[in-house]
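In what follows, a single structure is set out as structure tokens and then discussed.
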Amino acid sequence: MTERRNIILCGFMGCGKSTVGALLAGMTGRKFVDMDSYIEEQAGKTVSAIFSEDGEERFRALEREACRALAEQSGLVIASGGGTLVRRENAETLRKTGVIVLLDAPLGALKKRLAHDTTRPLLQKPNRDAVIEELLTQRLPLYRAAADLAVPAGRAPKTVAREVLRRLGEAPQEAESSR
Ligand code: S3P
């Protein structure tokens with residue numbers, strides 16, 4: 001089989017990158033990689049522990065390394081972290097071997113999905129809704145600049161995954177298209 005471009009999902013925490021990514025991997029026969037899980041394996045500790053014990057800068061360095069390593073592979077669906085594609089260097093690295101797709105979920109849906117989250121260090125603050133709103137305002141233009149295309153994501157994950165494939169001009173594999 002010829003080398004297949006990676007599909008990199010980008011977007012805010014809670015936009016559905018991991019769920020949609022796993023579906024897309026199944027639909028296209030690509031391998032799914034969740035970048036946060038990849039970093040956790042490399043570091044031997046959770047993202048929360050990296051933030052609290054080593055600091056955010058260390059996490060960002062690990063994230064940069066993960067982008068470099070994953071960009072050397074092909075045939076992947078990569079769910080990036082919410083801060084990954086905010087950094088231009090990471091976008092440039094990943095774009096070399098893949099297409100970057102923004103999952104654009106509305107603010108209300110993000111607030112709802114993230115309301116009870118206990119795993120994301122940036123959200124463990126009392127004024128969570130305000131943090132989400134401020135971060136999203138800062139980041140959305142950066143996501144848009146990094147992405148090759150954007151897909152509305154406040155919908156069922158399967159609908160979003162199908163729309164991503166359609167926009168990429170790829171057909172789902174046999175078993176999937178008949179479902
Ligand atoms: C982060 C998002 C998280 C994770 C880390 C930092 C961010 O990933 O990488 O907590 O800066 O937005 P998800 O978007 O998968 O939650």
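What you see is a predicted model; the values in this text were computed from it and never measured. Just so you know, ligand 1 is whichever comes first in the structure, and atom 1 is the first atom listed for that ligand.
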- Note on the structure: Only one of L102, V160, L110, L136 passes side chain to side chain contact (heavy atoms under 4.5 Å, CB included) with C15, and that residue is L110

- Message: Tell me the contacting part of Q124 for ligand 1: side chain, backbone, both, or neither, using a 4.0 Å heavy-atom threshold, strictly below.
- Response: neither

- Residue portion contacting ligand 1 (non-hydrogen atoms closer than 4.0 Å) for T119: neither

- Message: Within the structure, is a non-hydrogen atom of M35 found at a distance of less than 4.0 Å from ligand 1?
- Response: no

- What residue pairs, at least two apart or across chains, pass side-chain hydrogen bond (donor to acceptor under 3.5 Å, both in side chains) with a residue in residues 65-84? E63-T84, R68-E89

- If you take all heavy atoms of Y143 and C10, which pair is closest and at what distance? CD2-SG, 3.8 Å

Main-chain N/O of [Y] paired with [X] side-chain donor or acceptor, under 3.5 Å:
{"X": "R5", "Y": "T97", "result": "no"}
{"X": "E170", "Y": "L165", "result": "no"}
{"X": "R167", "Y": "A150", "result": "yes"}

Shortest protein contact, [atom] (heavy atom only):
{"atom": "atom 2 (C) of ligand 1", "answer": "G82 N, 3.3 Å"}
{"atom": "atom 12 (O) of ligand 1", "answer": "R139 NH1, 2.6 Å"}
{"atom": "atom 5 (C) of ligand 1", "answer": "V47 CG1, 3.9 Å"}
{"atom": "atom 7 (C) of ligand 1", "answer": "G83 N, 3.3 Å"}
{"atom": "atom 16 (O) of ligand 1", "answer": "R120 NE, 2.6 Å"}
{"atom": "atom 10 (O) of ligand 1", "answer": "P121 CD, 3.5 Å"}

- Query: Which atoms of ligand 1 sit under 4.0 Å from any heavy atom of D36?
  - Reply: 3 (C), 4 (C), 8 (O), 9 (O), 13 (P), 15 (O)

- Provide the number and element of each atom of ligand 1 under 4.0 Å from a heavy atom of F59. 9 (O)

- Task: Just go through R60, M13, K17, E56 and tell me whose heavy atom is the nearest to atom 6 (C) of ligand 1.
- Result: R60

- Message: Would you say L103 ends up clustered with M35 if hydrophobic residues are merged whenever their side chains have heavy atoms under 4.5 Å apart, either directly or through other cluster members?
- Response: no

- Query: Is there a salt bridge (Lys or Arg N to Asp or Glu O under 4.0 Å) between E40 and K45 once you walk through the steps?
  - Reply: CA-CA 5 Å; E40 289 180 337; K45 50 171 123 174; over 6 Å; no

